[in-house]
Amino acid sequence: MSSDFEAEIPMRALLAGARRKQPEFIELLRRLVESESPSDDKAAVDGCVELAVARARELGGRMKLHRQREFGDVLEMRFGPRTKAGTEKPILLLGHLDTVWPLGTLKTMPFRISEGKIWGPGTLDMKAGVAMALTAIELLSEVERLKQEVVLLLNSDEEVGSPVSRPITERIAAECATVYVLEPAQGLAFKTARKGTGNWRIEVKGVAAHAGVDFLKGASAVVELARIVEKVSGWTDLKRGLTVSVGLVGGGSKTNVIPAEAWAEVDVRIARKGDGARIERKFVALKAQDKRCSLVVTGGINRPPMERTPGTVQLYREAKRRAAELGFVLDEAATGGASDGNFTSALGIPTLDGMGAVGEGAHARHESILVEHVAARTALLAGLLAK
């Protein structure tokens, strides 16, 4: 009998352990949720980071804070044996502690448990995933089955595009064999593909004039912008998974003035990495049809797509096998939303996403997780870490 087979821990044993630890999970989640952590408030995010540090210390974690000035500090925690030359590379658990919710949200969205759900700002996206990861690590540590180094990286700026944490994520991921992303599930499914994202701003400058007296002397920035909106919207190609959505527009000053200024903000989603450069070239090539108008176009692709690679499929199939041992069917899904897993997948590192909680209402006032799925999914995560 091989040592690998001997090392495989029964999934039902992990499930029993996860159920036993569910009260501790809920208490940790309560503390994390009640430590509000909007992305734009460094002190608040750092306060939530300290809670994670304290819990990791109890589990024997080795901590490193990547200190930041504008955003909260990025927390790197390592568990299990230190990786040595010639041994297996670490596993990266990837998450974030910042949320979209401003300070004071708890007054109208308190942490509460009712109707089989846990409610509150940041429960689903994604403090439950963080608590699940720490619980899974604790389960394996207690029975000395954490045989491979595990890195738990918690970013502080994911909800605003990861401007400071991206290079940290990419550097640590490059040292790892596998990345598991603790974002919420897609329904009940793990995510094997995500679209990449891009944002552009288009500013048009025209010529102001009196709309009645000097109509012909004016060059309408709004009219020019309307042409551009129609043009860029036509770049959508649903068969390729490419969408271009003009979400915000503005312009003009008064109804009796030919508008001299107008602007639009555009959201772009791509399913294929190669489409990123192609769509960027299209935005660069935009020109005004009315020569009296001028354009300023800024922006670009922020996150590359997480494509369904063979490495990711292999991770999913292993997870599906272990889920079957726990008594449930694990499906896979693709989503139009992005995460920090997009960065790691683009580096060629097998990445599996959506491994956090099951629930609904991310970024909405009914944000919540389903308690009934917590233990099984925590056990599944532990089983994958113990492979």
Side-chain angles (χ1 to χ4, degrees), residues 28-29 31-57 59 61-79 90 92-106 121-123 125-131 133-134 137 149-176 179-183 196-199 298-304 306 337-347 349 351 353 356 362-363:
L28 175 58
L29 179 57
R31 295 200 304 270
L32 291 173
V33 171
E34 291 184 346
S35 179
E36 294 179 289
S37 50
S39 308
D40 60 359
D41 191 315
K42 173 176 170 55
V45 176
D46 285 346
C48 195
V49 166
E50 281 303 312
L51 291 176
V53 167
R55 184 69 185 113
R57 282 204 181 105
L59 301 178
R62 305 180 293 276
M63 255 72 64
K64 179 178 180 180
L65 274 179
H66 299 265
R67 299 192 181 277
Q68 307 297 324
R69 291 184 179 180
E70 184 178 354
F71 295 96
D73 295 335
V74 175
L75 176 58
E76 174 188 346
M77 298 166 278
R78 292 179 181 257
F79 303 88
L92 175 60
L93 297 179
L94 185 55
H96 64 90
L97 283 172
D98 63 313
T99 76
V100 300
W101 299 102
L103 289 180
T105 299
L106 280 169
T123 48
D125 190 12
M126 51 160 285
K127 292 181 178 181
V130 174
L134 289 167
I137 289 167
E149 186 173 30
V150 173
V151 184
L152 175 55
L153 181 64
L154 300 181
N155 292 329
S156 59
D157 58 346
E158 193 272 347
E159 296 291 5
V160 291
S162 308
V164 299
S165 64
R166 177 177 181 173
I168 300 169
T169 297
E170 291 177 334
R171 184 172 68 252
I172 294 173
E175 306 168 4
C176 297
V179 179
Y180 294 135
V181 185
L182 304 168
E183 292 281 0
T197 59
N199 293 282
T298 55
I301 296 295
N302 169 260
R303 281 185 169 94
M306 173 185 158
S339 80
D340 286 338
N342 290 53
F343 299 136
T344 63
S345 178
L347 295 175
I349 303 160
T351 299
D353 205 330
H363 299 192

Short side-chain to backbone donor-acceptor contact, Asp157 and Ser165, under 3.5 Å: yes
Looking only at side-chain N and O atoms, does Thr169 offer a donor or acceptor that is under 3.5 Å from a partner on Asp340? no
Please answer whether the main-chain N or O of Gln68 pairs with a side-chain N or O of Lys42 as donor and acceptor at a distance below 3.5 Å. yes
Mind checking the OG-CG spacing from Ser156 to Asp41? Nearest 0.5 Å is all I need. 12.0 Å
Any chance you could measure Leu154, atom CG, to Asp73, atom CG, to the nearest 0.5 Å? 12.0 Å
Determine the minimum heavy-atom distance between Leu75 and Ala52, stating which atoms define it. CD2-CB, 3.7 Å
Donor-acceptor check, side chain of Ser35 to backbone of Val33, threshold 3.5 angstrom: yes or no? no
Ignoring hydrogens and angles, tell me if any N or O in the side chain of Thr99 forms a donor-acceptor pair with the backbone of Gly122 under 3.5 Å. no
side-chain contact (heavy atoms from CB on, under 4.5 Å) evaluation trace for Leu94 with Leu182: CA-CA 6 Å; Leu94 185 55; Leu182 304 168; over 6 Å; no
Glu158 vs Glu183 side-chain heavy atoms within contact, under 4.5 Å: yes
Any donor-acceptor N/O pair, Glu36 side chain to Thr105 backbone, under 3.5 Å: yes
Ignoring hydrogens and geometry, is there a side-chain-to-backbone donor-acceptor pair from Asn302 to Thr197 under 3.5 Å? no
Measure from the side-chain N and O atoms of Arg78 to the backbone N and O of Glu149, and report whether any donor-acceptor pair falls under 3.5 Å. no
For the pair Asp98 (side chain) and Glu159 (backbone), establish whether a donor and an acceptor sit closer than 3.5 Å, ignoring hydrogens and angles. yes
Please confirm whether the backbone N or O of Met306 pairs with a side-chain atom of Ser345, one donor and one acceptor, at under 3.5 Å? no
To the nearest 0.5 Å, tell me how far Leu51 CG sits from Leu97 CG. 9.0 Å
